[in-house]
Each structure stands twice: as structure tokens, then as C-alpha cells.
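One structure is given below, encoded as C-alpha cells.
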Amino acid sequence: MIATTPAEDLIFGLTRVIDLPGLTAAGGVPLGAEDIAAVVGEADRFARDLLWPHTMAADRHGAVYENGVVRTPPSYRPAYQAWIEGGWQGLAAPAEVNGIETGGQDLPQALWMAVAELVTAGDMSFSLCPLLSIGAIEAIARFASPPQQEAWLPKLVSGEWTGTMCLTEPQAGSDLSQVRTRAEPDGTGGYRITGQKIYITWGEHDLTDNTLHLVLARLPDAPPGTKGISLFAAPKLLPDGTRNALRCGGLEKKMGIHASPTCVMLFEGAEAQLVGEANRGLNAMFAMMNAARLGVGVEGVAQGARALALAEPYAAQRMQGGQAIDRHPDVVRMLAEIRAITLAGRLLALEAGAALDRHRLLGEPQAEARVALLTPIVKAWCTDRGVDCASLGIQVHGGMGFVEDTGAAQVLRDARIAPIYEGTNGIQALDLVGRKLFRDGGAHMRGLLAEVAASDARLAPAVAAMTRATDWMLDRGLRDADAAQASAAAYLDAAGWTLGGWMLARAAAADARYAPLAGFYLARLLPRAAARVAEIEAADSLLALMPAA
């Protein structure tokens, strides 16, 4: 097998597997293979030069909270300045919204996802800052008023400001109906926000002067539940340069991503503006969350890539039994699993990005349905596999992986948050089954499985198992909500293993270099799809363990 780098894989995936040059040409905004290679190459250099050499030191330094001020690791300020100067924040942002020039480059989402993977592999803690700003840009571009867009978008798109997503409260995690933060009209058309938010990624930091907080809160006359939630924007600094009435109340002490400031944010009558319609804040917030979910899926891929980048050279130089351990069959197996799973997830994420671009550039209604179906799979399957790959990376290192000297332990610590972010993976599975599968009677899933079956005969057993699982869900699952929920995670996982095999089969068909890796996956890893389907059909064994109501 000829080893390839992540950057090479991404260029290949973009140009040869999803055919981004053909897609953009059809959309009237042609982007050539050489342009794609140049952007990916520059992103790779950014990550290699400015992030990789410092990520372990950044982890040890962490984000520091003192006297109300949050300081990030010393290497982050020059890296973020280079991020701004390179125009990276606006890569896929719209160039114009409602006649307002934002400074965005309007490049494809699939290309942004490739850049995001490289930056996240370089340093996941750093990458979370621009990821949250991307979500804020999406929500404001879609739901804010033109004056708000004019005031905020150019600053966010340039990276001069950063954005946050303030949802969670101590009593309100995934159940946003319990949100208590209040928004009181101030009599001048604005609002005053009072409440506490927790787990706010990059809520306070020293990389930019200003941060725009997008906050879920309730108006005084709001109906109960999720129908009474509105979205507000509260800047850290007001237009006159004075500090708004909001502050960081402390940093969470976390298992990983130590250099990313995860803040308790206190809003103490902070000035804010309503974004979109009153009591319809979840619509706008989900625009942020859906953008972030694909981004978090890419985080899982990136942690697999980082685990491999550490494990392969270590195995090549670690001698045991008279030879390097990368010649020991079980180590070969572990490295092959990391490489194959990571490449499968990488290409699947690009496929989802291409569907986004097909919908945006070509207006294909089927592309929108494809994005909806793939988003929970990419988010959940890729992040679960990122944790698996990080654990395998430690195993390759042996004892040296369990201590902090090699960096392998940091990968696992950092990767573990991704299955929790932006709706836990169990919630993603419920979304896949309850919303995406049931709403069209399984039509789009069946169409996707037909594409998978036609691509390579070796995928037939997995497709047959997934078809059986889909039939089960549309029969038993529709009749029995508990059965559907008990089997949803296994259904999503089976879909991920099947679609990962599809992407590797396509890669092998496009370039023989990928054939050995695809063969390994299809022979040794793809059977996990059928095993997960067997779990679906054994739902009653789980239901029997449920506590009485």
C-alpha cells in the first residue's frame, strides 16, 4: 500500500471522488483542480507551521482565567493573526448578503471542510474558535435584518470579531425548553439579557477585541417550551467601545481541549438585539447547529488523522523482537484500521459538503435531502470513530501512549468531546431515524443504498443488511417509539460503516493506489454494519432492561 498524506487525500477526494471542479463549473463558478490543490496546500502549511509545533505546549499551558480575564496560549495570537491575514475565516462565507459586501470568498463548503480538517488536526482547541464563528455567520446571513448584517457580517467574516453560540444552562442541556435566560425590552427597540450560560466555547479570550454572542432567551410574554425561545445578539463591546454587561464567570476544568476556553458566561442586563422573529429563535439557532454538526464530524476525522500521524512514525522506529513494530501483523492491523476509517470518514464528510454545494449552486432538491440524511451520520459516526482511532493510536504506542510525552494521550482527551458536541450522538441517531428516515418513508435512504449497491459488488452484504434494518425501522419502529429509540444508534452506526465502504470503493475505482486500503476495509471492517443490524433486530433485549415508568 502506498501511504498518502491527509492533504493528498483531500485534494484527491475533492477533485476525483466528488468532482468539485465539475460541480462548480456546472454552477457557473468554476474552480479548477489546480486552484483546489493550492488552497489545500496553503491550509496544510498553515497547520504544519503554526499549529502542529505548538499544540502540546498549548495543551499544557491551557486557557487561563485570572481576575475576569481569559488568556490563551502564547502561540495562539500569532496563529490567529495569520488566520485573519490569510482570509481563512471568510473562505466559504457569502461575498454579498442583501447587497452588503461581507468580504467573504464564497468558495465551496466542501473546500472549507477540507481546510477545517487540516487546521483541526493541527490543534483542535484552536480550531474551535473559527468553527463557532462560521456558525454565527450562517445564522446572521440567513436570519438577521440588513442593518444587523451590515454591522456584524464584515467583522465576523474577516475574523476581526469572533462568534459564540450560547444555548446551554445549568438546568437546560439538550432540552432547550427549560431555558430560563430572560430578555426584557429596553424601550428603545433593544433588549436587556439576564441569565447564565455554561459550556460556552471561546466565550471569552484575548485573540480579538470583540465577540458577538448569539444567545437563546425568553421574552416576558413568551409561551412555555421551545416555542417561546428567541435569539438575540449581544456583543462583548458596545458600538461606543464600552464593555457590555456580560462577563466570563469562570472556565470549565475539562478532560481535554485544555487550550480552548470553555466559559461560564454571565449576562447581567447586557444590551442585545433580537435576531429574526420573536419566539422563533430555534430556527435560527439550528442554522448554526447544523453547520456546526458537519464541522464536528470533521473534528472526528481530524483526530483520526492526528492519531495516525503520531502512531505511524513511532511504529516505524520502535524496535521489538529484532524489527520495527510496524512489521508486526497486529500493529499493521491497528494502523490499517486507523488509516482506512479516517479516509472513509474524510471522504464521507466531503460527500456531505458536495451535497451542500450542489443544493446552493445548482438548486437540486435531492441534494438538500442528501445533506439532511448525511449530517447526523457524519457527525456521529465520524466522531465515534475518531475516539476509536485515538484509542488505537495509544495502543500502537504501548506504554508511551498512555503517558503524555508522545502526544497520543492528548488526541484521545481532545477527541472525546466531539461525540457530545452539538447534540450527543444518541440525539443524532434519533434525528436520523425519527426525522430523516420516517418523514419520507425511507425513500431517500433507499435511493442512497441503491447507489451504494451499484458502486461495488463487495458492498452487497452491507446493503442487504441496511435494507433489512430500514424495513424493520419503518415497520416496528414506526409502531413502537421505544423500539425505534432503542435501535437508532445501531442503525446510524450501520449506515456509517456502509457509507464509509462506499466512499472507499469509489476512491479505489478512481485511483488504484487506494485499492489495497479499500480491500482491507471491505473485507475486515464492513461486516461491522451487519453486526449492528443484528443489534437492531434484538431491540427487545434492551427494552426488557428499561425501568418501569
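Numbers here are sequence positions counted from 1. Everything quoted here is computed from the prediction, not taken from an experiment. Just so you know, these numbers use all the heavy atoms, side chains as well, and skip hydrogens, waters and symmetry mates.
Relative ring orientation between F126 and Y76 is described as perpendicular, the plane-to-plane angle rising above 60° on a 0-90° scale split at 30° and 60°.
Around the CG atom of D240, the shell of radius 6.0 Å holds more than 12 heavy atoms that belong to other residues, nucleotides or ligands. The number of heavy-atom neighbours closer than 6.0 Å to CD of E150, taken from other residues, nucleotides and ligands shown, is 12 or below. Heavy-atom neighbours of E101 CD from other residues, nucleotides or ligands within 6.0 Å: at or below the threshold of 12. By the 6.0 Å contact criterion, CZ on R243 is enclosed, its count of non-hydrogen atoms from other residues, nucleotides or ligands being greater than 12.
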Evaluate side chain to side chain donor-acceptor pair (under 3.5 Å) for T181 paired with E169, printing each intermediate quantity in order. CA-CA 8 Å; T181 297; E169 299 178 6; 2.6 Å; yes

Between R435 and D431, is the salt bridge (charged side-chain N to carboxylate O under 4.0 Å, His left out) condition met? List the steps. CA-CA 5 Å; R435 290 192 179 95; D431 174 59; 3.4 Å; yes

Can you check salt bridge (charged side-chain N to carboxylate O under 4.0 Å, His left out) on D493 and R385, steps first, answer last? CA-CA 10 Å; D493 210 36; R385 300 293 78 76; 2.8 Å; yes

In sequence, state the C-alpha distance, the side-chain angles, and the governing distance for T164 and K197, and then conclude on side-chain contact (heavy atoms from CB on, under 4.5 Å). CA-CA 11 Å; T164 71; K197 298 290 183 177; over 6 Å; no

Step by step, would you call L374 with L294 a side-chain contact (heavy atoms from CB on, under 4.5 Å)? CA-CA 9 Å; L374 290 181; L294 286 177; 5.9 Å; no

Report the C-alpha separation of L131 and T201 in whole Å, then their side-chain angles, then the decisive distance to 0.1 Å, and conclude whether the side-chain contact (heavy atoms from CB on, under 4.5 Å) test is met. CA-CA 10 Å; L131 174 67; T201 301; over 6 Å; no

For Y80 and T208, run side-chain contact (heavy atoms from CB on, under 4.5 Å): C-alpha distance rounded to whole Å, both residues' side-chain angles, the deciding distance at 0.1 Å, then the answer. CA-CA 9 Å; Y80 191 78; T208 62; 3.4 Å; yes

Run D106 and R360 through salt bridge (charged side-chain N to carboxylate O under 4.0 Å, His left out) and show every step you take. CA-CA 11 Å; D106 221 3; R360 182 174 66 92; 3.3 Å; yes

Apply side chain to side chain donor-acceptor pair (under 3.5 Å) to the pair S177 and T226, showing each step before the final yes or no. CA-CA 4 Å; S177 67; T226 57; over 6 Å; no

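Taking CG from N279 and CG from L274, the interatomic distance works out to 9.0 Å, rounded to the nearest 0.5 Å. Distance CD1/I200 to OG1/T168: 6.0 Å, rounded to 0.5 Å. The distance from atom CD of E252 to atom OH of Y65, rounded to the nearest 0.5 Å, is 12.0 Å. With rounding to the nearest 0.5 angstrom, the CG atom of L107 is 9.5 Å from the CD1 atom of I36. To the nearest 0.5 Å, atom NZ of residue K155 and atom CG of residue D209 are 10.0 Å apart. Residue M124 holds its CE atom at 12.0 Å from NE2 of H258, rounded to the nearest 0.5 Å.
Nearest heavy-atom pair across N283 and F143 is O-CZ, 3.6 Å. Considering every non-hydrogen atom in both A233 and L214, the closest pair reads CB-CD2, 3.7 Å. Closest approach of L156 and A136 over heavy atoms only: CD1-CB, 4.4 Å. Taking each heavy atom of R346 and P6 in turn, the nearest pair found is NH2-CB, 3.6 Å. The two residues A222 and G228 make their nearest non-hydrogen contact at CB-O, 3.2 Å. Between L499 and I377, the shortest heavy-atom contact is CD1-CD1, 3.9 Å.
With Q303 as the partner, the side chain to side chain contact (heavy atoms under 4.5 Å, CB included) test is satisfied by one option alone out of T342, V387, L412, D414: D414.
Under a 4.0 Å N-O distance rule, the pair E364/R358 qualifies as a salt bridge.
Q428 has its side chain within reach of N425: a pair of non-hydrogen atoms, C-beta onward, lies under 4.5 Å apart. Counting only heavy atoms from C-beta outward, the side chains of Y421 and L128 approach each other to under 4.5 Å. Annotation: side chain of W83 is not in contact with side chain of L207 (no heavy-atom distance under 4.5 Å). In this structure, the side chains of W52 and R306 come closer than 4.5 Å at one or more pairs of heavy atoms. In this structure the side chain of D206 reaches within 4.5 angstrom of the side chain of R77, judged on heavy atoms. Considering only heavy atoms from C-beta on, P220 comes within 4.5 Å of P185 through its side chain. Counting heavy atoms from C-beta on, the side chains of L216 and L282 come closer than 4.5 Å. Looking only at side-chain heavy atoms (C-beta outward), K436 and P376 come within less than 4.5 Å of each other.
At distances below 3.5 Å, not a single donor-acceptor pair connects side-chain atoms of K379 with backbone N or O atoms of T424. Judged purely by atom type and a 3.5 angstrom limit, W202 uses its side chain to pair as donor or acceptor with the backbone of S125. Although no hydrogens or angles enter the test, the distance criterion places no donor-acceptor pair under 3.5 Å between the side chain of T262 and the main chain of Y199. At least one donor-acceptor pair under 3.5 Å links the side chain of Q105 to the backbone N or O of G87. For T24 (side chain) and P30 (main-chain N/O), no donor-acceptor pair under 3.5 Å exists by modelled atom type. With hydrogens and angles disregarded, no donor-acceptor distance shorter than 3.5 Å links the side chain of Q109 to the backbone of A355. The closest donor-acceptor contact from the side chain of N244 to the backbone of L246 lies at 3.5 Å or more, if one exists at all. Formation of a donor-acceptor pair under 3.5 Å by the Q410 side chain with backbone atoms of E404 is not found in this model. At least one donor-acceptor pair under 3.5 Å links the side chain of D186 to the backbone N or O of T188. A donor-acceptor pair under 3.5 Å links the side-chain atoms of N210 to the main chain of K236, judged by distance alone.
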